[in-house]
Amino acid sequence: MNLPVLVVGAGPAGLVAALDLARRRVDVRLIEQSASPSTGSRAKGIQPRTLEVFEALGVVEEVSRSGGPFPRWRTYRAGRPAREKSIYDMLGIGQPVAGPAVPYPETWMIPQWRTEEILRDALRHLGVRVEYGSALVALTDEGTEVTATIRRDGEQERLRSSYVVAADGAASTVRRILGVAFDGVTRDDERYLTADVRATGLDRSCWHNWSRPDDAAARVSVCPLPETDTFQFVAPLPPGQETPALVLATVQRLFDERSGGAPVTFDEVCWITVHRANERLADRYRVGRVFLVGDAAHAVPAAGGQGLNTAVQDSYNLGWKLAAVLAGAPEDLLDSYEEERRPLAARLMRGLGTADDRGEVPDIFQLRNNYRGRRLSAETRRDPGGVQAGDRAPDAPLSLPDGSRPRLFEFLRGADVTVLAFGDEAAEGGHAVAGRHGSSAVLRILDVRTESPATVDAVQEIYDVASGQEVLFLVRPDGHVGLAAEDHFAERLAEHLPRLTAGGLART
């Protein structure tokens, strides 16, 4: 019997790691040194790719009900509205529109406390609860297991675990114990007071922004948080000044000084903090049987709302790999975690508009993030199409023989590995490999042209496959294309599967 995986930290990264492992029937312990859940709105923007991850985890409907689209950005001058734009106009990209390949086209606003609450509820249904007030104080990697010392209520517990996932934030205790460098900068001259407030005299239709005409840095923004009666208040603090008292009077004073006397009264502060701009990257994501995820691995620039989303996708990338290795897949599968995820965080350090050494620019929606050229991405076609090995597998409409009309993402949820076969030879190759293992619940084959003839043209267009062309795509458990082939389908599939799973398939 496998020892549990220990997840340290119950923010979004830790909750997603625990949830993904638990739904794959891996025993999990989730500890958090804080005495209770966080109550702040903090990171409030969920990007489209993260919404797709939340769909796979079974929580996207609740996230959708608990949030809303970003409100329009309104600026004021001389106390009057001066300009109003959508955030997409400000980015210069226009309003995103849903389509068959992209079910969640726009950034979704939801307070972080609510996102975490939804993830905790999903975990609770799987029998996992956050162990609050539990601090990690020591960690020893024994080579075949990890021993953690946990302090709770003045007493200590020694816990043996198979692996440790460190999701304990930018000040990570685990990272410090491991001696992993966290290089970068903390910008002491860039501090922000952020608070969740209730207010009178302010409508909830827009994201309101004021600044003093003589000092553009003396600004304040107040954003309505959907499905709540609160606003998120943000004000930069002048460099070199002492941190003000974190009280309601400070919020009102900063607003009055910077808004030109707008008739808004702040009635209550529900949560308040001061934070500094922090841009750092761990030099390693893995040390033996311990893995860093989320803010423990990277503190990315705040622009574009990438931090929480990158953290969630770190955990989603790692979770299935841990589960597969615990089921018997090769240990070196875990090396692909750092190889795939660290370059994406490193790219964000350069800024959203700056290309990396592969010529790729960060995608604010994170839909174009890919693992092309990495060890788990086998692109064997001579002339690859628009969807390549390593890419996010797009969604698509299906119309199956049983009369159902699921989206491809819904179809993918039932299996660890899915083969999309375009053509008889591709389908025969997939079925030949699947037949050796006898588990359609783990390796599922979709013969697109035969099983979804009514939508085959749409699926082919989305996947950039010509009519009559023989192509096979293997979709990994995290929704990325692992293999793209145009010939020798059974051989290529049989060669690639053992990289991902136990004896070709993960037994769960």
Residues Tyr104 and Arg407: closest non-hydrogen pair is OH-NH2, 4.2 Å
Considering residues at least two apart in sequence or located in another chain, which fulfil the ring-ring contact (aromatic ring centres under 6.0 Å, His included) criterion with Tyr463?
Phe473
Within 6.0 angstrom of Arg375 CZ, more than 12 heavy atoms from elsewhere:
yes
Donor-acceptor pair, distance only, cut-off 3.5 Å: does the side chain of His496 make one with the backbone of Gly482?
yes
So, is the end of the Arg286 side chain (NZ or CZ) under 6.0 Å from the ring centre of Phe291 and within 45° of the ring's axis?
no
I'd like to know if the side chain of Glu486 and the backbone of Arg381 have a donor-acceptor N/O pair within less than 3.5 Å.
no
From Thr380 atom OG1 to Asp487 atom CG, the distance as rounded to the nearest 0.5 Å
6.0 Å
Is any NZ, NE, NH1 or NH2 atom of the basic residue among Glu62 and Arg114 found under 4.0 Å from an Asp or Glu carboxylate oxygen of the other?
yes
Are the charged groups of Arg72 and Glu84 less than 4.0 angstrom apart, N to O?
yes
Can Leu420 and Val481 be said to form a side chain to side chain contact (heavy atoms under 4.5 Å, CB included), step by step?
CA-CA 10 Å; Leu420 304 182; Val481 176; over 6 Å; no
How many angstroms lie between atom CD of Glu52 and atom OH of Tyr316, to the nearest 0.5 angstrom?
9.5 Å
Qualifying residue for salt bridge (Lys or Arg N to Asp or Glu O under 4.0 Å) with Asp363, from Arg49, Arg347, Arg368:
Arg368
By side chain to side chain contact (heavy atoms under 4.5 Å, CB included), Glu145 pairs with (sequence neighbours left out) Leu3, Glu142, Thr147, Arg160
Distance-only donor-acceptor check, side chains Thr418 and Arg444, under 3.5 Å
no
Please identify each residue that fulfils salt bridge (Lys or Arg N to Asp or Glu O under 4.0 Å) with Glu116, with sequence neighbours left out.
none
Please find the pair of heavy atoms, one from Thr228 and one from Leu225, that lie closest to each other, and give the distance.
OG1-O, 2.7 Å
Heavy-atom closest contact (Pro397 atom, Thr455 atom, distance):
O-OG1, 2.9 Å
Donor-acceptor side-chain pairing of Arg392 and Gln366 below 3.5 angstrom:
no
Judged by atom type as modelled, is there a donor-acceptor pair below 3.5 Å linking the side chain of Trp108 to the main-chain atoms of Val63?
yes
If you compare all heavy atoms of Ser38 against all heavy atoms of Trp113, which two are closest, and at what distance to 0.1 Å?
O-CB, 3.6 Å
For the CE atom of Met109 and the CD atom of Glu227, what is their distance to the nearest 0.5 Å?
12.5 Å
Indicate whether the side chain of Gln313 and that of Thr50 have a donor and an acceptor atom separated by less than 3.5 Å.
yes
Checking Leu308, Thr107, Val53 against Ile46 for side chain to side chain contact (heavy atoms under 4.5 Å, CB included), the one that qualifies is Leu308
May I have the step-by-step check of side chain to side chain contact (heavy atoms under 4.5 Å, CB included) for Leu333 and Trp320, ending in yes or no?
CA-CA 10 Å; Leu333 172 62; Trp320 72 269; 4.2 Å; yes
Is there a donor-acceptor pair closer than 3.5 Å between any side-chain N or O of Gln306 and the backbone N or O of Ile364?
yes
Residue list, ring-ring contact (aromatic ring centres under 6.0 Å, His included) with Trp73, at least two apart or on another chain
Trp207
Hey, does the side chain of His208 reach the backbone of Asp203 with a donor-acceptor pair shorter than 3.5 angstrom?
yes
Is a donor on one side and an acceptor on the other found under 3.5 Å between the side chain of Arg341 and the backbone of Thr310?
yes
Got Phe489 and Val433 here, is their nearest side-chain heavy-atom distance under 4.5 Å?
no
Please check if any side-chain donor atom of Thr230 sits under 3.5 Å from a side-chain acceptor atom of Asp196, or the reverse.
no
Ser404 side-chain N/O to Pro406 backbone N/O, donor-acceptor pair under 3.5 Å:
no
CG on Asp20 to NZ on Lys321, rounded to 0.5 Å:
11.5 Å
Checking Ala82 now: which residues fulfil side chain to side chain contact (heavy atoms under 4.5 Å, CB included) with it, not counting sequence neighbours?
Thr75, Arg77
Got a sec, which pairs hit salt bridge (Lys or Arg N to Asp or Glu O under 4.0 Å) with one end in residues 456-471, sequence neighbours left out?
none
Salt bridge or not for Glu131 and Arg29, using N-O below 4.0 Å?
yes
Treating Thr450 as the side-chain partner and Asp447 as the backbone partner, does any N or O pair qualify as donor plus acceptor under 3.5 Å?
no
Restricting to non-hydrogen atoms, name the atom on Val234 and the atom on Gln232 that form the minimum distance, rounded to 0.1 Å.
CG2-OE1, 3.8 Å
In terms of side-chain geometry, is the basic nitrogen of Arg120 or Glu32 positioned less than 4.0 Å from the acidic oxygen of its partner?
no
Whether Arg24 and Asp416 form a salt bridge (side-chain N of Lys/Arg under 4.0 Å from carboxylate O of Asp/Glu) is what I want to check.
yes
Distance-only, no hydrogens or angles: does the Asn370 side chain make a donor-acceptor pair with backbone N or O of Gly390 under 3.5 Å?
no
Please round to the nearest 0.5 Å and tell me the distance separating atom CZ of Phe233 and atom SG of Cys223.
13.0 Å
Donor-acceptor pair, distance only, cut-off 3.5 Å: does the side chain of Asn309 make one with the backbone of Gln47?
yes
Taking NZ, NE, NH1 and NH2 as the nitrogens, is one of them in Arg204 or Asp229 under 4.0 Å from a carboxylate oxygen of the other?
no
For a quick test of reading the model, state the closest non-hydrogen atom pair linking Asp391 to Gly386 and the distance between them.
OD2-O, 3.5 Å
Gap between atom CG of Leu408 and atom CZ of Arg413 - 0.5 Å precision
13.0 Å
